[in-house]
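Each remark here refers to the structure printed beneath this line.
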Amino acid sequence: VYTYTILIRSLGNIGRLDAVMKLFESMTAQRCQPNLFTYHSVMHALGSAGRVAEACEVFELMLQRGQQPDAVTYNIIIDALGKTGELEKAFDYVRKSHSFTNEVTYNSLLSSLGRKGDIKGLMELFGQMKARGLVSNELTYAILIERLGWAGRVEDVWKLYLEMVENDVKYDIVTINNVLDCLSKAGRIEAAFELFQDMKVKGLSPDTVTYNILVNGLGRVGKLDAAGALLLEMEENGCPPNIITYNTLISSYGKWSNLIAAARLFDEMKDKGVAPNVVSYSCLIEGFGKAGKTDTALSMFNEMKAQGCPPNHVTYNLMINCLIRAGRFGAAMDYLREMRDSGCQMG
RNA sequence: GGAUCGAACCCUCCAU
């Protein structure tokens, strides 16, 4: 049974669901009784693959065979249902599991509610969790901060951050990056930099993502020199810029009509061995388009195709917009047709 | 006494 369980878990982790199910069935055939861990592994594998209905069937099968579920069993099912958005069913299981609900259950539910954008439900559930005296673990805050960040709720994110620090809840660089991103997208760049200094004092090292977020924040408010300086600084601090760093800066330069800097950076990234992707080209096309340099935008559009980087629906939208702005409706229609024929989504 | 299948929950940054 142990051997089977280990095998099933490993196969599940690498996504070999077919093999998992085969093993599980062959256990039954050999009258080898699966234990609780075996059921968990199978259910978890099914759930991760989005095959929740089958996971529920395994759950029922387990009950029929007289195996009692525990908190983990329910949490696996509840988490799987939440991830496919079947929250009503997830709550059904919460009711069934009653005495088993713990902080992990809440984390799963919070995560799913947040993914759906149900901020009200999110906050209510968090309140309920506190009221029940459940200890929020480090993931609770991580989840809340991230999901509230998606909704642009800066105030709430900031409050939670302070609460987390005050309660000595552990946090990692990802959570801090989420807070920073939220601040920086809200234009609160000073606050973001304060936190940036603060995290260093607390011994948390910024990573490339941290810098990317700050570069983006500076770029959005037009502080292009500071953003450019940060590019150099991150390199010195052992955080090599990646394609996202370059794309972020190229986009900012383009948005603020600094096309020379945008083009220079585009060349620089290639020199450094970072291959431009569809976003890089799109940012340039957007920049040139907004500046009325329609022909330059067109030549970038052709260049990317020649470089084996097919435009996607965003690129087409930008290109078509640019042509319309220039009054070149015929060409715009041509690209619209090309877009449709190329089979890319219309976005 | 310790070690052993001991399992479930977040994962961040770029373009329209």
Side-chain angles (χ1 to χ4, degrees), chain A residues 1-10 12-13 34-45 47-48 69-80 82-83 100 102-112 114-115 136-147 149-150 171-182 184-185 206-217 219-220 239 241-252 254-255 262 276-287 289-290 311-322 346-347:
Chain A
V1 183
Y2 294 162
T3 319
Y4 272 115
T5 305
I6 296 168
L7 264 173
I8 287 178
R9 218 186 53 236
S10 325
N13 286 341
N35 66 18
L36 193 57
F37 294 117
T38 323
Y39 287 114
H40 287 171
S41 303
V42 173
M43 284 163 46
H44 189 231
S48 308
D70 69 359
V72 176
T73 325
Y74 280 106
N75 285 340
I76 291 173
I77 292 289
I78 290 165
D79 185 58
K83 283 196 173 126
F100 284 135
N102 58 17
E103 67 278 6
V104 175
T105 325
Y106 276 95
N107 286 345
S108 289
L109 292 169
L110 288 171
S111 171
S112 310
R115 191 175 289 126
S136 333
N137 60 20
E138 58 267 33
L139 287 187
T140 312
Y141 282 97
I143 293 166
L144 283 168
I145 286 176
E146 187 190 342
R147 303 302 199 236
W150 289 354
Y171 51 86
D172 62 5
I173 184 71
V174 174
T175 301
I176 293 299
N177 285 344
N178 276 319
V179 178
L180 283 171
D181 189 43
C182 186
S184 122
K185 286 207 169 114
D207 62 7
T208 296
V209 175
T210 315
Y211 281 104
N212 288 348
I213 289 166
L214 294 172
V215 167
N216 192 14
R220 278 165 186 266
C239 298
N242 59 16
I243 185 152
I244 295 185
T245 323
Y246 287 112
N247 290 347
T248 305
L249 256 178
I250 290 173
S251 167
S252 300
K255 283 201 175 109
N277 64 11
V278 60
V279 178
S280 324
Y281 282 105
S282 300
C283 292
L284 278 176
I285 289 168
E286 184 188 9
K290 286 214 168 109
N312 63 14
H313 70 275
V314 177
T315 325
Y316 275 108
N317 281 337
L318 289 165
M319 194 63 247
I320 291 167
N321 258 317
C322 164
M346 297 298 264

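In what follows, every chain begins at residue 1, and chains take the letters A, B, ... in the order their sequences are listed.
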- Message: Can you tell me if A:K290 touches the phosphate of B:A15, counting only side-chain N or O atoms and a distance under 4.0 Å to OP1 or OP2?
- Response: no

- Task: Encode nucleotides 6-11 of chain B as B, S and - characters from 5' to 3', where the letter depends on protein heavy atoms closer than 4.0 Å: B to the base, S only to sugar-phosphate, - to neither.
- Result: BBBBBB

- Note on the structure: Applying salt bridge (Lys or Arg N to Asp or Glu O under 4.0 Å) to A:K185 and not counting sequence neighbours gives A:D181

- Task: State which residues pass side-chain hydrogen bond (donor to acceptor under 3.5 Å, both in side chains) with A:D172; sequence neighbours excluded, sorted by chain then number.
- Result: A:T175

- Item | Which residues share a side-chain hydrogen bond (donor to acceptor under 3.5 Å, both in side chains) with A:Y246, sequence neighbours left out | none

- Item | Distance-only donor-acceptor test, A:N312 side-chain atoms vs B:A15 base atoms, 3.5 Å | yes

- Of all the choices, B:C14, B:C5, B:A15, which nucleotide is nearest to the side chain of A:T315 once you look at every atom? B:A15

- Of the listed nucleotides B:U12, B:C14, B:U16, the one nearest the side chain of A:S251: B:C14

- Partners passing ring-ring contact (aromatic ring centres under 6.0 Å, His included) against A:F37 (at least two apart in sequence or in another chain): none

- Item | A:K185 vs B:U12: side-chain N/O to OP1/OP2 distance below 4.0 Å | no

- Query: Rounded to the Å, how far apart are A:R220 CZ and B:C13 P?
  - Reply: 11 Å

- In chain order, what residues pass the ring-ring contact (aromatic ring centres under 6.0 Å, His included) check against A:Y316, with sequence neighbours excluded? A:F301

